[in-house]
Every structure is written in structure tokens, then in C-alpha cells.
Amino acid sequence: MTRARIAIVGAAETTRLGKIPELSQTGLHADAALNALADCGLTLRDVDGIATAGHDAAEIAQYLGITPTWLDGTSVGGCSFIAHVRHAAAAIEAGLCRTVLITHGESGRSGHRGHRPIFPAMQQQEFETPYGVTLPPTRFTLPVARKMAKDGLTEEQLAAVAVAQRDWASKHPRAGFRDPIGIDDVLGSRMIAWPFRLLMCCLVSDGGGALVLTSAERAKDFPTKPVYLRGTGGESAEGPMVSQMEDFTSSRAFRTSGRLAFESAGITHADVDHLMIYDAFAHLPIYGLEDLGFVGRGEGGAFIAEGHTRPGGRLPMNTNGGGLSYAHSGMYGMFALQEGVRQVRGTSPAQAGEVKVSVVHGVGGMFSAAATAVLTSEAQW
């Protein structure tokens, strides 16, 4: 019998999502942090570990009045917060701190940015940007075009991702887009960069979220239902240039991160009740399903188009609506974690039945990095 060692006891997003012009990026961090602490009945005085990405972690600590004994500023893109969960768990187990606060705040829509993420990397600026490959839609077109040619992925299947996730978003009062859409609506939306049309691309939002982690043995002392970490999770990186991927139809970082997470958690795919896969663009859930081993190579697009990830399907995925319909501030990983926590707690507006195991998987940059966490409601297994 294995007993959980680390638990998430506090989880909350910013008070509002969408357009929040009155708050700076630092203010968004603080709003999310205070909400997460209130969720579990703690105060800032109880925190001795802090982590964030896309912002100076020391500045957030100073702004909140925290003098940490452990600090993590890992910033590898939108999956950074999922990696922080892994790092925080290791720090707590090592005795470096007792209570970790992971914060995210980003003024993606209003543009009140005190700092920016580390992108673009120097290699991108030297070897890709001069050729006009600049913003994410233009970088992601290369692997997707190859996947369409090699694996038979179709525009209709890409559109089905947006349709499935809008179904889930319609159940979430806080989702940025809630009106139902169909395949024709997606394919009829404005072209951004082939094959990506507007509704295949993420929202641009202000907002953020925060998590509070501590040892599992302390979890019973909190008013909230604890969400336990199963295993250590996984993380990996392939490099900053999408043009230099080993295989355009599959992410090496995805495969490595997912394998490590499943092995450390001691689970099989049949054990997974709920799945969150970072979806800045419609192709990412397809890659995630395949690279994490839920379906075979080239089968992800059809799996979603057949309705298996929609409400009532056998693998509920991206149940908040994802970055395509819920919110996307620029780095989405925190929002995926928040929905994973809600599903395990049984509090999501789009609850997918009883969720004992939720897998949360994220991408950083343009297939640059990846991180995977396994969340569970069970203290031992």
C-alpha cells in the first residue's frame, strides 16, 4: 500500500477572468494568492515556500510580505506551473519548507506586464525569426502541416477539438466563450495561419490562479478536501526551436514527461478518469492523447471527432473548455491544474462524475518543454 506524501489544500483563480484592466500583473498574482489561501484557511504568514513563472519570484515574495526558505522561478513556458508542483513536492519532502504557494498572474489581454516570459529564446531569434516565423500560430503550423500529411489529420478533426471543448465551456459560468459551436462555425471563422482558424486558437485573457501545497499528513487539518499528488509527476524539454523537433508528428518532451508521470504514479491509462491537456491551439490535445499513450499514433484526431472526450464520453478532457474557450493569459498551465483540482474535489461546474484520478499535462513554448502531474482523491492506494 502506498500513501500520498503531498497534498494540494488550497486552489483558486483570480476573482475575475477575461478583461481586468484595473489590475497589474503583480496585482493578479496577489489576488490569486489571497484567494487560494482563503480557500484553505491560511494566511500569508503561514507560507514559507513560493514559486512562479513569467515574473520575478523574489518580487512576488516581497510584494506579498513573505520571506521564503525555498524559492522557484522556473520559467519554461505555460507548463511551468505543473513543473512547480513537482518541484514543490520535492522541497516539502526534503524539509526545505512546509507550505508552498504557487502563483500565476498575467495581463495577457490588457497588457499590464511587469515582466515577460523568457521567450523568444536566442536560438529562435537567430534561426527562425529572420524567416518570418515569429508568433505562436506561425511556429506551430510546421509540425501540424507535417502531421496532416503523414498521419492524415484533417481540418475537420482540428475543428472538432474546439467544438468538444466548447461543449464543456458551456457548463462553466466563468468561461470566456460559452455559446455552442459546430464544425462549420470553426471552419468558417477567420483564417489566422493555415490550418489554424480563429476558433482553433486560444483566447487572450487577463487572470491567473494559485495553489497551496503541504504534506499529506497535514492535509486533514484544512477545511477543504485535499487533492493528493500521486507519484512525482514528470517533466522534460526538447529545445526552443520547433523547426528542430526530432519528429514533427510527436513531441519527445511529451512522451518523456508522460512516461515518467505514469511510472511514478503506478497507473495505467485505464485508471484515468479525467484528463487536462494544454490547448493553446487545437492540435495540442491531439498530440497529447497520442504521446501520452491514450491512443495510437495518428488516432488522436478521430478519437476526439468521434466524441470520446465530450460530455458523456469515455475520457472527459479539458472540461473547463480549455484555452480555446475558458481562458488563456499566455501561460495556461495553472488553469489546467485548477480544473484538475476541481474535478478531483467534485466541485467543477462541468463535473465529469466521480474523478479519482486526473492527469494534467502541459506544454511549454512551441513543443519546447512539457510537464505532467497525476492528481488523486485517494490518500493511499
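Side chains are part of it too, since the values below use all heavy atoms of this structure and drop only hydrogens, waters and symmetry mates.
- Asp72 and His87 form a side-chain donor-acceptor contact under 3.5 Å, judged by distance and modelled atom types alone.
- The nearest pair of heavy atoms linking Glu306 to His308 is OE1-NE2, 3.0 Å.
- No donor-acceptor pair closer than 3.5 Å links the side chain of Asp151 to the backbone N or O of Met148.
- The distance from the CD1 atom of Ile82 to the CZ atom of Arg86 is 12.5 Å, given to the nearest 0.5 Å.
- With no hydrogens or angles considered, no side-chain donor-acceptor pair links Asp291 and Ser251 at under 3.5 Å.
- How far CD of Glu299 is from CD1 of Ile304: 12.5 Å, rounded to the nearest 0.5 Å.
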- Under the side-chain contact (heavy atoms from CB on, under 4.5 Å) criterion, do Arg98 and Ile92 qualify, and how do the steps go? CA-CA 6 Å; Arg98 295 184 74 231; Ile92 294 168; over 6 Å; no

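- Between Leu292 and Val359, the closest side-chain pair of non-hydrogen atoms falls below 4.5 Å.
- Arg3 and Glu378 are not joined by a salt bridge, as no carboxylate oxygen comes within less than 4.0 angstrom of a charged side-chain nitrogen.
- Residues Ser80 and His104 bring no donor and acceptor atom of their side chains to less than 3.5 Å of each other.
- Within a 6.0 Å radius of CG in Asp221, other residues, nucleotides and ligands contribute more than 12 heavy atoms.
- Going from atom OG of Ser75 over to atom CG of Asp56 covers 11.0 Å, rounded to the nearest 0.5 Å.
- The residues Asp273 and Lys356 are annotated as not salt-bridged, no charged nitrogen and carboxylate oxygen being separated by less than 4.0 angstrom.
- Between Arg5 and Glu217, none of the side-chain N atoms (NZ, or NE/NH1/NH2) sits under 4.0 Å from a carboxylate O, so this pair counts as no salt bridge.
- Between Leu375 and Val360 the shortest side-chain heavy-atom distance falls below 4.5 Å.
- Contact annotation: the side chain of Leu289 approaches that of Phe303 to within less than 4.5 Å [non-hydrogen atoms, C-beta and beyond].
- Nearest heavy atoms, Phe335 versus Ser329: CE1-OG, 3.6 Å.
- The six-membered or imidazole ring of Tyr332 lies away from that of Tyr326, with a centre-to-centre distance of 6.0 Å or more.
- Separation of the Tyr63 and His29 ring centroids does not fall under the 6.0 Å cut-off.
- Ring pair Phe281/Phe196: centre-to-centre distance below 6.0 Å.
- Of the N and O atoms on the side chains of Ser348 and Glu339, at least one donor lies less than 3.5 Å from an acceptor on the other residue.
- More than 12 heavy-atom neighbours from other residues, nucleotides or ligands sit within 6.0 angstrom of CZ on Arg259.
- Side-chain contact between Arg297 and Ser250: present, with at least one pair of heavy atoms (C-beta onward) separated by less than 4.5 Å.
- Side-chain contact check for His274 and Ser358: at least one donor-acceptor pair (N or O, by modelled atom type) lies under 3.5 Å.
- Using a 4.0 Å cut-off between a side-chain N of Lys or Arg and a carboxylate O of Asp or Glu, Glu238 and Arg255 do not qualify as a salt bridge.
- For the pair Ile50/Ile60, a side-chain contact is recorded, criterion being any heavy-atom separation below 4.5 Å from C-beta on.
- Of all the heavy atoms in Ala219 and Pro226, the pair that sits closest is CB-CB, 3.7 Å.
- For His361 and Thr372, the side-chain atoms include at least one donor-acceptor pair closer than 3.5 Å.
- Minimum heavy-atom separation, Leu260 to Gly234: CB-CA, 3.9 Å.
- No hydrogens or angles considered: a donor-acceptor pair under 3.5 Å links the side chains of Gln351 and Gln343.
- At least one cation-pi condition fails for Lys147 and Phe248: the charged atom is not both under 6.0 angstrom from the six-membered ring centre and inside a 45 degree cone around its axis.
- Side-chain contact of Ser325 with Arg166: a donor-acceptor pair under 3.5 Å is present, judged by distance alone.
- Across every non-hydrogen atom of Glu290 and Gly296, the tightest pair is CG-O, 3.4 Å.
- With respect to the salt-bridge test (charged N to carboxylate O, under 4.0 angstrom), the residues Arg178 and Asp167 do not qualify.
- One N or O on the side chain of Ser189 and one on the backbone of Val186 form a donor-acceptor pair closer than 3.5 Å.
- The residues Arg345 and Asp39 are annotated as salt-bridged, a charged nitrogen and a carboxylate oxygen being separated by less than 4.0 angstrom.
- You'll find the side chain of Glu155 reaches within 4.5 Å of the side chain of Leu187, heavy atoms only.
- When all heavy atoms of Gly330 and Tyr278 are compared, the closest pair comes out as O-OH, 3.7 Å.
- Interatomic distance, CD1 of Ile102 versus CG of Leu211, reported as 5.5 Å (0.5 Å rounding).
- If you look at Phe367 and His283, their ring centroids are closer than 6.0 Å.
- Side-chain atoms of Gln25 and Asp206, non-hydrogen and from C-beta on, never get closer than 4.5 Å to each other.
- Residues Thr99 and Asp46 have side chains that never bring a donor and an acceptor to within less than 3.5 angstrom of each other.
- In this model, a donor atom of one side chain and an acceptor atom of the other lie less than 3.5 Å apart for Gln165 and Asp279.
- The side-chain heavy atoms of Pro316 and Trp168, taken from C-beta on, include a pair separated by under 4.5 Å.
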